[in-house]
J.: 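Next up is a structure, given as structure tokens.
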There are 2 protein chains.
Amino acid sequence: MSILADVARLAGVSKSTASRALSGRGYVSDETRMRVEEAASELGYVVSSAAASLVTGRTRNVAVVIPYINRWYFAEVLEGIEASLIRGGYDLTLYRLSTDLDLRRRVFDYFLVRKRVDAVISVAIDLSPHEVQMLQALGKPLVGIGGRIEGIPTLSIDDVETARVATEHLLSLGHTRILHIGGDQHEQMDFRVHSQRYTGFTRALRAAGVEAEGAFRSAEFSIEGGYQVGLSVLGDPRTRPTAIFAGCDEIGIGITIAARQLGISVPHELSIIGIDGHPIAEMLGLTTLAQRPGNQGARAVELLLSQLEHADATPPNEHEVLPTELAVRTSTAAQR
Amino acid sequence: MSILADVARLAGVSKSTASRALSGRGYVSDETRMRVEEAASELGYVVSSAAASLVTGRTRNVAVVIPYINRWYFAEVLEGIEASLIRGGYDLTLYRLSTDLDLRRRVFDYFLVRKRVDAVISVAIDLSPHEVQMLQALGKPLVGIGGRIEGIPTLSIDDVETARVATEHLLSLGHTRILHIGGDQHEQMDFRVHSQRYTGFTRALRAAGVEAEGAFRSAEFSIEGGYQVGLSVLGDPRTRPTAIFAGCDEIGIGITIAARQLGISVPHELSIIGIDGHPIAEMLGLTTLAQRPGNQGARAVELLLSQLEHADATPPNEHEVLPTELAVRTSTAAQR
DNA sequence: CTCCCACCTGGCACCGGTTCCACAACGGCG
DNA sequence: CGCCGTTGTGGAACCGGTGCCAGGTGGGAG
């Protein structure tokens with residue numbers, strides 16, 4: 001394991017010149033630079049990032065805190081973040097925060113706070129003012145994905161509006177017996193995504209003069225969750241809705257599978273719409289309001305790096321609303 | 001941002017005593033330790049991991065290189081790794097290696113090699129001897145998941161045997177027109193998982209005296225991939241197989257959906273078996289050979305940490321075979 | 001011709017911990 | 001009573017880079 005001093009010696013220059021040559025900062029003649037580079041590659045030299053970050057205070061490492069990995073939306077966001085960071089020469093340190101509050105505290109108090117990371121991206125986690133303040137006190141830029149957080153730049157889709165548009169699509173097809181199968185209001189994710197989508201749903205119904213009472217069933221935010229609730233809800237033809245607005249595509253997919261299993265024809269007997277843009281939704285012809293989680297991740301990195309690269313620019317502590325697009329496929333049709 | 005010297009001053013002790021008190025190494029009187037701890041928490045002190053790892057040479061950070069995030073098996077492995085690492089007080093730095101060879105080189109040459117990580121877990125990536133040697137030369141313990149790698153401890157299921165058992169299950173039910181829908185042999189993942197499962201398949205057929213010629217179709221390793229190939233393969237009732245061995249549960253799920261769509265009754269007209277233990281497989285009643293990817297990740301961490309914690313123990317450069325368990329559900333039945 | 005500036009290089013202090021070593025106090029044992 | 005081992009503490013040398021500053025060149029402007 002060779003160190004900078006070895007490289008300098010082999011190249012016949014001083015440590016500082018070797019450092020300049022390799023990092024590209026400051027004046028070095030082309031000839032010297034080449035000699036140093038040669039020496040470095042001959043010795044298989046690589047900088048010690050610990051030493052570098054000790055003196056510069058920068059680690060070129062970004063933390064991502066995220067509640068799930070094995071769910072489509074989160075995995076997509078993560079992939080988007082990872083790809084962008086690596087392209088920018090940054091490492092990505094992953095913290096999965098479960099519902100374990102104790103772990104959450106540990107991650108914040110112990111892991112994030114050590115000067116290991118330059119910045120933090122939090123996905124679908126509603127940071128408390130105290131957590132935000134703590135990270136900001138450390139001078140760490142912070143970007144949130146999935147909902148608003150006071151005082152830091154965040155980005156997300158407009159959940160209320162997206163749900164409203166989805167519901168309106170069903171209403172415009174003449175449906176009035178519409179059921180919303182969404183996430184549990186109590187065990188919801190941090191940003192109240194569930195209740196926001198529910199709000200959009202009821203808002204659309206009310207605007208159309210349709211009764212919202214009893215038009216909601218909760219399900220786990222997964223294909224299995226949608227499937228189970230789908231089976232139970234679609235079983236009785238007398239109480240069966242003519243259209244379902246699923247809180248996410250995974251639920252919608254589960255419902256679709258349940259409907260097929262029960263011999264309920266989609267869209268003739270039942271219309272289904274979801275939110276997300278999941279590839280399986282496309283495969284099944286599920287109408288949806290598509291978002292691009294990968295792009296959200298990439299955008300978050302972009303915001304972060306711009307803060308990191310020129311610290312002068314005051315951070316745009318704004319909430320950025322990302323678009324969703326209605327993709328009408330074959331799971332929704334006019335009410336017969 | 002307070003540093004150790006501040007804490008020492010506030011506690012009225014020297015830097016070295018403060019360091020000992022906080023790290024728990026060496027002699028410190030209980031009373032002094034308490035004073036130091038108090039001072040530290042009063043100042044909100046946290047160690048600079050850069051400074052610490054500069055002198056100790058340990059970073060308490062493990063790299064994970066993985067080809068996918070948004071696939072069930074990989075996400076499960078990743079979750080298992082993450083949970084175990086955080087419990088052991090280690091950070092996890094994530095590198096997603098796509099098929100981009102250039103990126104792969106960069107990750108190895110540039111990212112992994114900087115003294116940022118203490119160890120590396122490689123998931124479903126067949127490291128070249130050169131890559132192994134490079135990491136070992138840096139003294140970094142290395143564990144592989146998903147297949148054998150010469151010279152380092154690895155763990156995986158026995159793909160050949162698992163596929164053989166799956167096929168045998170179909171054979172034992174009296175099926176002879178069995179199709180294997182698996183991954184593309186050419187575009188396969190690194191460990192030749194696809195060809196190994198194919199080998200197990202043909203081996204079982206041969207042992208039963210069944211012709212293997214033409215009994216294979218390739219699909220993308222995903223639900224959509226299985227669905228598409230399923231549609232094309234199941235369309236013509238005259239050439240339709242009576243049983244399908246899917247290369248993974250995701251393919252099996254896709255085939256199941258395709259079969260339902262075509263009105264083919266499972267298991268009466270078609271038996272389907274997969275490999276993995278995907279939750280949707282369970283939901284659909286898909287018979288499978290279940291593995292526990294999360295446990296594989298946890299086990300890998302265990303191997304790694306034992307190497308890290310007591311460097312004396314020579315690494316057990318062995319391949320550990322993890323079990324798969326036949327879970328017979330409702331997608332397989334005797335040939336009529 | 002002088003002055004200034006852009007270019008190039010080396011010396012050295014520093015980042016913030018860890019750890020080795022020296023030293024001191026104290027108790028137990030022969 | 002002297003010696004030794006255990007315990008407790010402080011001083012100082014690191015770890016391996018970065019970057020400031022000083023010093024030295026050479027060329028163009030005044």
Side-chain angles (χ1 to χ4, degrees), chain A residues 1-37 39-40 43-61 89 91 110 113-118 138-139 311, chain B residues 1-37 39-40 43-61 89 91 110 113-118 138-139 311:
Chain A
M1 200 66 287
S2 57
I3 63 174
L4 186 62
D6 301 336
V7 175
R9 199 176 316 118
L10 181 59
V13 297
S14 70
K15 259 175 66 179
S16 30
T17 300
S19 171
R20 276 188 298 255
L22 293 174
S23 68
R25 285 180 283 267
Y27 293 118
V28 187
S29 72
D30 285 350
E31 200 235 321
T32 309
R33 184 194 317 285
M34 298 219 301
R35 274 220 319 284
V36 174
E37 276 166 1
L43 294 174
Y45 167 82
V46 275
V47 284
S48 154
S49 59
S53 62
L54 175 57
V55 49
T56 59
R58 314 272 272 65
T59 61
R60 295 195 78 79
N61 189 11
D91 280 344
Y110 177 64
V113 117
R114 302 189 297 168
K115 334 190 80 179
R116 289 185 149 276
V117 296
D118 292 341
L138 294 166
Chain B
M1 198 65 291
S2 58
I3 64 175
L4 185 62
D6 300 337
V7 176
R9 198 177 317 118
L10 181 58
V13 296
S14 70
K15 258 175 65 179
S16 30
T17 300
S19 170
R20 277 188 297 256
L22 293 174
S23 68
R25 283 178 285 265
Y27 294 118
V28 187
S29 72
D30 285 349
E31 199 238 319
T32 309
R33 184 194 318 286
M34 298 218 303
R35 275 223 316 286
V36 173
E37 275 166 1
L43 295 175
Y45 168 82
V46 275
V47 282
S48 154
S49 60
S53 62
L54 175 58
V55 48
T56 60
R58 316 269 274 63
T59 61
R60 295 195 77 79
N61 188 12
D91 279 346
Y110 177 63
V113 116
R114 301 188 300 167
K115 336 191 79 183
R116 287 184 150 280
V117 295
D118 291 341
L138 294 166

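Keep in mind the model is a prediction, meaning the values are calculated, not measured. Here is the naming used below: chain letters follow the sequence lines, and residue numbers restart at 1 for every chain.
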J.: In whole angstrom, give the distance that lies between atom CG of A:Leu54 and atom P of C:dG16.
T.: 7 Å

J.: Ignoring hydrogens and geometry beyond distance, is the side chain of A:Arg20 in donor-acceptor contact with the base of C:dG10 at under 3.5 Å?
T.: yes

J.: Measure the distance from OH on B:Tyr27 to C1' on D:dG5 and round it to the nearest whole Å.
T.: 9 Å

J.: Describe the nucleic acid contact of B:Ser19 in one word from base, sugar-phosphate, nothing, applying a heavy-atom distance below 4.0 Å.
T.: base

J.: Answer yes or no: side-chain N or O of B:Ser16 and base N or O of D:dG11 forming a donor-acceptor pair under 3.5 Å.
T.: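 For B:Ser16, whose side chain was compared with the base of D:dG11, there is a donor-acceptor pair (under 3.5 Å).
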
J.: Atom CG of B:Leu4 to atom C1' of C:dG16: distance rounded to whole Å?
T.: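 So the CG-C1' distance, B:Leu4 to C:dG16, works out to 8 Å.
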
J.: Of the options D:dC15, C:dG10, D:dG17, whose atoms approach the side-chain atoms of B:Val55 most closely?
T.: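 Of the candidates, D:dC15 comes closest.
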
J.: Base, sugar-phosphate alone, or nothing: which one does A:Thr56 contact when heavy atoms must sit under 4.0 Å apart?
T.: sugar-phosphate

J.: The test is side-chain contact (heavy atoms from CB on, under 4.5 Å); show your working for B:Leu4 and B:Val47 and say whether it passes.
T.: CA-CA 7 Å; B:Leu4 185 62; B:Val47 282; over 6 Å; no

J.: Please report the shortest heavy-atom distance between B:Leu22 and B:Ala40, naming the atom on each side.
T.: CD2-CB, 4.1 Å

J.: B:Glu31 has an atom CD; how far is it from atom C1' of D:dT7, in whole Å?
T.: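 That distance rounds to 14 Å.
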
J.: Within this structure, what is the CZ-to-P distance between A:Arg58 and D:dG19, rounded to whole angstrom?
T.: 11 Å

J.: Which part of the nucleic acid does A:Thr32 contact within heavy-atom distance under 4.0 Å: base, sugar-phosphate only, or nothing?
T.: sugar-phosphate

J.: Heavy atoms only, 4.0 Å cut-off, all strands: where does A:Arg25 land among base, sugar-phosphate and nothing?
T.: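 A:Arg25: backbone/sugar contact only, no base atoms under 4.0 Å.
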
J.: Is the phosphate of C:dG17 approached by B:Tyr45 (side-chain N or O, under 4.0 Å from OP1 or OP2)?
T.: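 Yes, such a contact exists.
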
J.: Checking all strands, does A:Ile3 fall into the base, sugar-phosphate, or nothing category for heavy-atom contacts under 4.0 angstrom?
T.: sugar-phosphate

J.: Round to a whole Å and report the spacing from NZ of A:Lys15 to C1' of C:dC8.
T.: 19 Å

J.: Roughly, in whole Å, what's the span from CZ in A:Arg60 to P in D:dG17?
T.: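 From A:Arg60 CZ to D:dG17 P: 17 Å.
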
J.: On DNA chain D, does the nearest nucleotide to B:Ala51 precede the nearest nucleotide to B:Ser14 from the 5' side, or the other way round? Give the residue.
T.: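 Closest to the 5' end, via its nearest nucleotide, is B:Ser14.
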
J.: Working note: A:Arg33 + A:Val36, criterion side-chain contact (heavy atoms from CB on, under 4.5 Å); need CA distance, chi angles, decisive distance, verdict.
T.: CA-CA 5 Å; A:Arg33 184 194 317 285; A:Val36 174; 5.9 Å; no

J.: Among side-chain atoms of A:Arg35 and A:Thr32, is any donor-acceptor pair under 3.5 angstrom?
T.: no

J.: Quick one: do A:Leu10 and A:Val7 satisfy side-chain contact (heavy atoms from CB on, under 4.5 Å)? Show the steps, please.
T.: CA-CA 5 Å; A:Leu10 181 59; A:Val7 175; 5.9 Å; no

J.: Mapping A:Ala18 and B:Ser48 to their closest nucleotides on DNA chain C, which lands nearer the 5' end?
T.: A:Ala18

J.: Without decimals, in angstroms, what is the distance between B:Arg9 CZ and C:dG17 P?
T.: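 It works out to 12 Å between those atoms.
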
J.: Any side-chain heavy atom of B:Leu54 sitting closer than 4.5 Å to one from A:Ser48?
T.: yes

J.: Strictly below 4.0 Å: does B:Ser29 bring a side-chain N or O up to OP1 or OP2 of D:dT7?
T.: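 For D:dT7, neither OP1 nor OP2 has a side-chain N or O of B:Ser29 closer than 4.0 Å.
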
J.: Between B:Asp30 and A:Ala52, which has a closest nucleotide on DNA chain D that is more 5'?
T.: B:Asp30

